[in-house]
Undergrad: 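Got a structure for you, written out below as structure tokens; questions coming shortly.
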Amino acid sequence: LQTAIPAQILPKLVIPSETHSLLQSPQTTLLISISGGKDSDAMSYILLALREQYCWQCAVKLLHCDMGRMEWHSTPAYVEDFAHQVDLPLTVVRHEAGDLLAAIRQRMRERPDVPPFPSAKARYCTSTFKRQTTDRAIRQMTNTGGNVVVAMGLRAEESRSRAQKETWTSRDSVCAPTKGRWVWDWLPIHALTVADVWATIQANGNTFHEAYSHGNQRLSCALCVLGSLNDLLNGALHNPEIYLELCRIELESGYSFQTNRWLCSLRPELLSEKERQRFAELQNRPKQVKSLPQEASKPIQLKLF
Ligand code: SF4
């Protein structure tokens, strides 16, 4: 497949010098992490064009971490179609013990004293369902050693924490020197703007996930704990089963999905009369000011599954 990089984007790409020597080796696998979103789509086109340009001899594979029921209903088919389109093998990985919705329910059962939903501070969704599952896939594909470069489509413009990320780091969680396995994380499009990303997609056939046609700013889980109001409303409209399941967890746990936003307030017409009553009770309950003893206020590492 012939892919193209718009000329204005080339100088912004992050290509550390060691990348070339690693990717020129047939002992290396370039693992492109794709979510179905615009950033990883654009990154894939760019990396394929760079492979042609620099004659990289490494194996190139796509990896998708499937979040189960939390995904947009169309994401699994979209990532498969994308793999066909760019003619690359696709590995889909899932957490062996269940999906993110199952983990949220489990947290609710085991720790009713803390919010069951992930948050910016307790982002167990990405660490468990993306990081750990990717590490497992890397171990499986490099049983007998080898180099792996994991390319991810994170961009500095997206958030302050992403802006501070290093663009080339050793992925120590899965390196195994005794087995001859060396792994790096690479953020090749870290400096690209959202306009650069769309320009790359337009230069390569202008296909993208349906969520953007519905007005989404980002593609993530159908309803993301860090999502904007716009994307939550879209997610609820087009994925009502997931929306209702998350509303029920709000009502059962008494905690809102985001710190200051109840999903139940977005599309209350989808709730039953009984659920609306429960939501009204939760909203009317007096705010509790907890003064925790010193000991109890220490952060607690919560177990999943
Ligand atoms: S999209 Fe949002 S909810 Fe889903 S894994 Fe990422 S941060 Fe967590």
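Small disclaimer: the values here were computed from a predicted structure and weren't measured. Whatever order the structure lists them in is the order used to number ligands and atoms, beginning at 1.
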Undergrad: What class does the angle between the rings of His238 and Trp72 fall in, given that below 30° is parallel, 30 to 60° is tilted and above 60° is perpendicular?
TA: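 Aromatic pair His238/Trp72 classed parallel.
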Undergrad: In terms of relative ring orientation, are Tyr78 and Phe82 parallel, tilted or perpendicular, with 30° and 60° separating the classes?
TA: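 Geometry flag for Phe82 against Tyr78: parallel rings.
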Undergrad: Are any of the side-chain heavy atoms of Val86 and Leu62 separated by less than 4.5 Å?
TA: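 Yes, side chains in contact.
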Undergrad: Side-chain donor-acceptor pairs under 3.5 Å in residues 43-58, sequence neighbours left out?
TA:
from: Ser44; atom 1: OG; to: Ser40; atom 2: O; distance (Å): 2.7
from: Tyr45; atom 1: OH; to: Gln85; atom 2: NE2; distance (Å): 3.0
from: Trp56; atom 1: NE1; to: His20; atom 2: ND1; distance (Å): 3.3
from: Gln57; atom 1: NE2; to: Cys55; atom 2: O; distance (Å): 3.1

Undergrad: With a cut-off of 2.8 Å, which protein N/O/S atoms are close to atom 4 (Fe) of ligand 1, if we only count those under it?
TA: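 For atom 4 (Fe) of ligand 1, the protein N, O and S atoms that sit under 2.8 Å away are Cys221 SG.
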Undergrad: Taking all atoms of both residues into account, what is the closest heavy-atom pair of Ile138 and Thr142, and its distance?
TA: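 It is O-OG1, 2.6 Å.
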Undergrad: Please confirm whether the ring centroid of Trp262 lies under 6.0 Å from the ring centroid of Tyr255.
TA: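 No, the ring centres sit 6.0 Å or more apart.
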